[in-house]
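Working notes, beginning with the structure itself.
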Amino acid sequence: MDLYNRYVHIITFTCASIFGFTLSAHAETATDSFDVSITITSTCSIDAATDGDIAFGNQLSSVTNIQLSTASIDVVCTLGTPYTLALNNGLNADATSRRMIGQTVNTEFVPYELYSDAFTTLWGDGTLLGALKLGLIGTGLTQSHTIFAQVPSTNASAQDYSDTVTATITW
């Protein structure tokens, strides 16, 4: 019988090899699929006066036409997002100009203007004292917008003057 068992085992292994059968347990598989998606929404962020506030420094009362271009507004918007950039008229504007108010005598003012380019286009909020900065498109990277500032005349009393301007991005 020992010879018979060997013969059966040899034939079984030979047939399994020829026909590709294995003597191990049979495994089954099943498959399914799933989707991967994302929705990107437009967004923007703003950082005003990134190079520091606009400071005209110490000036004599006889100086005219002081011009600076040392401050900028940094914007980061989603790639391809159109946006506008506005500067309000400040806290002390009158009907014709932005003004810094005296810190000692608060009834005295020094006029100033803000421009979106080299002192030709007034930069405002689209109302009284200048136009919006239009036609801007986000790159997904930081875009810097220089503020050009001018004081036409310092003919005022000796004291500190200041104003606060708000920058607004709309997308």
Side-chain angles (χ1 to χ4, degrees), residues 32-171:
D32 197 3
S33 58
F34 57 92
D35 295 330
V36 177
S37 65
I38 187 171
T39 300
I40 305 289
T41 58
S42 293
T43 188
C44 291
S45 64
I46 185 170
D47 189 5
T50 55
D51 303 325
D53 294 330
I54 296 171
F56 289 100
N58 295 329
Q59 303 291 335
L60 300 173
S61 63
S62 60
V63 176
T64 60
N65 200 29
I66 305 165
Q67 295 181 334
L68 294 175
S69 59
T70 57
S72 62
I73 299 170
D74 285 351
V75 170
V76 177
C77 287
T78 304
L79 179 66
T81 300
Y83 67 95
T84 61
L85 203 50
L87 300 180
N88 77 353
N89 297 330
L91 299 177
N92 304 293
D94 66 7
T96 60
S97 70
R98 290 182 172 97
R99 305 180 303 173
M100 293 176 272
I101 191 169
Q103 299 303 292
T104 304
V105 180
N106 64 5
T107 57
E108 295 186 23
F109 301 90
V110 172
Y112 71 97
E113 297 300 342
L114 301 175
Y115 298 88
S116 61
D117 54 18
F119 306 103
T120 57
T121 305
L122 289 174
W123 193 350
D125 61 4
T127 60
L128 184 64
L129 300 177
L132 297 169
K133 195 164 186 181
L134 300 172
L136 306 169
I137 303 292
T139 63
L141 304 172
T142 300
Q143 294 173 281
S144 189
H145 301 279
T146 301
I147 304 168
F148 296 86
Q150 178 179 34
V151 171
S153 172
T154 58
N155 187 14
S157 67
Q159 63 175 315
D160 292 334
Y161 294 84
S162 68
D163 194 18
T164 301
V165 175
T166 301
T168 303
I169 188 167
T170 304
W171 68 94

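Nothing fancy with the numbering, it's 1 onward along the sequence.
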message = Show, in sequence, the C-alpha distance, side-chain angles and deciding distance for Ile169 and Cys77, and conclude whether the side-chain contact (heavy atoms from CB on, under 4.5 Å) test is met.
response = CA-CA 10 Å; Ile169 188 167; Cys77 287; 3.6 Å; yes
inquiry  = Go through it in stages, so that I can follow the logic: the residues are Asp47 and Thr142, the test is side-chain contact (heavy atoms from CB on, under 4.5 Å), and I'd like the CA-CA distance, side-chain angles, deciding distance and then a yes or no.
reply    = CA-CA 10 Å; Asp47 189 5; Thr142 300; over 6 Å; no
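Side-chain N or O atoms of Gln150 include none that pairs as donor or acceptor with a backbone N or O of Glu113 at under 3.5 Å. When atom types are taken as modelled, the side chain of Gln59 and the backbone of Thr154 share no donor-acceptor pair closer than 3.5 angstrom. A side-chain donor-acceptor contact under 3.5 Å links Asp125 to the backbone of Thr127.
Asp94 is linked by a salt bridge (Lys or Arg N to Asp or Glu O under 4.0 Å) to Arg99, counting only residues two or more places apart in sequence or in another chain.
Val151 places a side-chain heavy atom less than 4.5 Å from the side chain of Val110. You'll find the side chain of Leu68 reaches within 4.5 Å of the side chain of Phe56, heavy atoms only. Counting heavy atoms from C-beta on, the side chains of Asp163 and Phe109 never come closer than 4.5 Å.
Between Asn92 and Ser162, the shortest heavy-atom distance links the atoms ND2-O, 3.8 Å. Scanning both residues, Arg98 and Leu129, for their nearest heavy atoms gives N-CD1, 3.7 Å. Contact between Trp123 and Leu87 at its shortest, heavy atoms only, is CD2-CD1, 3.5 Å. Closest non-hydrogen pair, Ser42 versus Thr81, comes out as OG-OG1, 3.1 Å. For Ser61 against Ala156, the heavy-atom pair with the smallest separation is CB-O, 3.8 Å. Here the closest non-hydrogen pair linking Ala86 and Leu132 is CB-CD2, 3.1 Å.
With Tyr83 as reference, Val75 is the one residue of Val75, Ile46, Leu134 to meet the side chain to side chain contact (heavy atoms under 4.5 Å, CB included) rule.
One finds the OG1 atom of Thr146 at 10.5 Å from the CG atom of Asp117 (value rounded to the nearest 0.5 Å). Atom CG in Asn89 sits 5.5 Å away from atom CG in Leu128 (nearest 0.5 Å). The CD atom of Gln143 sits 10.0 Å away from atom CG of Asp74, with the distance rounded to the nearest 0.5 Å. With values rounded to the nearest 0.5 angstrom, Ile147 atom CD1 is found 4.5 Å from Ile54 atom CD1.
Other residues, nucleotides and ligands contribute at most 12 non-hydrogen atoms within 6.0 Å of the CG atom of Asp160.
Counting only residues at least two apart or in different chains, ring-ring contact (aromatic ring centres under 6.0 Å, His included) contacts with residues 147-171 comprise Phe119-Phe148.
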